[in-house]
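Below you'll find the structure, written out as structure tokens, and then a few comments.
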Amino acid sequence: MTSALLPLIVALQLTASLAFSGACIGARPDLTKARGRSSSSLQMSMEFMTHYEEIQLDTDHAMSVFDITPQIEDIVAKSGCKEGTVTVLSKHSTLSISINEMEGRLVDDIRQYFLNLAPPNLPYLHNDLDYRVGPPDWPGGDEAWREFRRTQPVNTHSHLIAMMLGTSESIPISGGAMTKGKYQSILAIDIDGPKGRGISVQITGGK
């Protein structure tokens, strides 16, 4: 092989390699097998939608548990979403959102278990209100902030429990309904009540 032919051979190899790569990049996976649906269902066009509402909840005591599943189901039905996701978010740092069974004795177990994990009477630093500095833009300055804080509960344990339980859940929607299990309820757990609470509900998907 003469040295004059080498550049031509290298160029042909490079062209073939690029063509093969392009074919791989342009190839489309078999979505029918991947998603377990027929090709006709994949071709169905759906109109993108989004829907937002808030739930207002008045709680009656600390570590109170509420089943908000019916309210979420009503919002999903009202939205008209057929395929998508509903996200439920607590707007408070001591109000948790969790999915579990709503059963009276289990509710008592939830209270006892988490209060044992984070007892209210431990010497938490967050509870030392006199050592906490207020936000720089608080109306009336730091002294007004301290007066406000004196009206608030010492609730470090509530924050810690909320971090363990979580403050949001996302549930798939299919066929116009949430695809949760039979004994799964969407629970709002107020660790620091009684208070008025707000819960955000955001639905995105197609209809």
Side-chain angles (χ1 to χ4, degrees), residues 51-76 78 85-172 178 180-203:
H51 181 82
Y52 177 83
E53 285 192 32
E54 290 190 8
I55 296 174
Q56 298 301 316
L57 186 65
D58 292 323
T59 65
D60 48 11
H61 59 83
M63 292 303 295
S64 52
V65 182
F66 299 86
D67 186 353
I68 60 172
T69 308
Q71 294 96 312
I72 306 300
E73 288 175 336
D74 288 345
I75 294 173
V76 170
K78 185 194 307 182
T85 304
V86 54
T87 299
V88 184
L89 172 68
S90 162
K91 299 181 69 176
H92 309 273
S93 57
T94 57
L95 174 74
S96 289
I97 302 295
S98 186
I99 293 179
N100 218 300
E101 184 177 357
M102 184 64 175
E103 189 276 323
R105 295 176 68 84
L106 177 60
V107 168
D108 289 336
D109 289 333
I110 291 171
R111 293 190 186 103
Q112 295 181 45
Y113 178 77
F114 283 102
L115 287 174
N116 282 330
L117 286 180
N121 57 353
L122 290 183
Y124 301 110
L125 299 179
H126 179 72
N127 289 344
D128 292 334
L129 303 183
D130 290 338
Y131 291 95
R132 290 167 57 183
V133 178
D137 58 348
W138 189 265
D142 189 65
E143 195 56 41
W145 159 261
R146 292 179 185 278
E147 286 297 325
F148 164 75
R149 290 306 308 174
R150 292 187 183 100
T151 67
Q152 301 301 298
V154 286
N155 63 353
T156 301
H157 71 287
S158 301
H159 291 276
L160 299 177
I161 293 172
M163 292 178 71
M164 289 186 277
L165 283 169
T167 55
S168 68
E169 293 285 355
S170 293
I171 303 99
M178 291 187 291
K180 63 180 186 62
K182 179 179 179 180
Y183 295 107
Q184 288 183 316
S185 294
I186 304 170
L187 305 179
I189 305 168
D190 191 355
I191 311 152
D192 200 30
K195 290 186 176 180
R197 300 299 204 172
I199 299 170
S200 298
V201 182
Q202 177 77 61
I203 298 171

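Along the sequence shown, residues carry numbers from 1.
Remark: Leu160 CG to Leu117 CG distance equals 10.0 Å, nearest 0.5 Å. Rounded to the nearest 0.5 Å, atoms CD (Glu169) and OG (Ser90) are 11.5 Å apart. Atom-to-atom distance recorded for Ile110:CD1 and Leu115:CG is 11.5 Å, nearest 0.5 angstrom. Here the CD1-OG distance, from Ile191 to Ser96, works out to 3.5 Å after rounding to the nearest 0.5 Å. Distance check: Leu125 CG to Thr156 OG1 gives 8.0 Å after rounding to the nearest 0.5 Å. Rounding to the nearest 0.5 angstrom, the gap separating the CD atom in Gln202 from the OG atom in Ser170 is 10.5 Å.
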When the side chains of residues 60-70 are checked against the rest of the protein, which donor-acceptor pairs come out under 3.5 Å, sequence neighbours left out?
from, atom 1, to, atom 2, distance (Å)
Ser64, OG, His61, O, 2.8
Asp67, OD1, Thr69, N, 3.0
Asp67, OD1, Thr69, OG1, 2.6
Asp67, OD2, Ser185, OG, 3.4
Thr69, OG1, Ile186, N, 2.8

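No side-chain heavy atom of Ile75 sits under 4.5 Å from any side-chain heavy atom of Val86. The shortest side-chain heavy-atom distance between Ile55 and Val201 falls under the 4.5 Å cut-off. Between Asn100 and Gln184, the closest side-chain pair of non-hydrogen atoms is not below 4.5 Å. Leu89 has its side chain out of reach of Ile199: every pair of non-hydrogen atoms, C-beta onward, lies at least 4.5 Å apart. For the pair Leu122/Asn127, no side-chain contact is recorded, criterion being any heavy-atom separation below 4.5 Å from C-beta on. Between Ile99 and Ile171 the shortest side-chain heavy-atom distance falls below 4.5 Å. Side chains of Thr87 and Thr85 form a contact here, defined as non-hydrogen atoms less than 4.5 Å apart.
Listed by chain and number, the residues in a side chain to side chain donor-acceptor pair (under 3.5 Å) with Lys78 are Glu53 (sequence neighbours excluded). Residues passing the side chain to side chain donor-acceptor pair (under 3.5 Å) test with Arg149, sequence neighbours excluded: none. Residues passing the side chain to side chain donor-acceptor pair (under 3.5 Å) test with Thr94 are Arg197, sequence neighbours excluded.
Pairs of residues two or more places apart, or lying in two chains, never qualify as ring pair (Phe, Tyr, Trp, His ring centres under 6.0 Å) while including a residue from residues 91-125. The salt bridge (charged side-chain N to carboxylate O under 4.0 Å, His left out) analysis of residues 93-108, with sequence neighbours excluded, yields the pairs Asp108-Arg111.
Using cut-offs of 30° and 60° on the angle between ring planes, the pair Trp145 and Trp138 is perpendicular.
Taking each heavy atom of Ile203 and Val76 in turn, the nearest pair found is CD1-CA, 3.7 Å. The two residues Ala144 and Pro139 have their closest heavy-atom pair at CB-O, 3.3 Å.
Other residues, nucleotides and ligands contribute at most 12 non-hydrogen atoms within 6.0 Å of the CE atom of Met163.
A donor-acceptor pair is defined here as one N or O able to donate and one able to accept, closer than 3.5 Å; such a pair exists between the side chain of Asp190 and the backbone of Gly193.
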Inset, instruction - Show the numbers, then the answer: is there a side-chain contact (heavy atoms from CB on, under 4.5 Å) between Leu95 and Lys195? - result: CA-CA 10 Å; Leu95 174 74; Lys195 290 186 176 180; over 6 Å; no
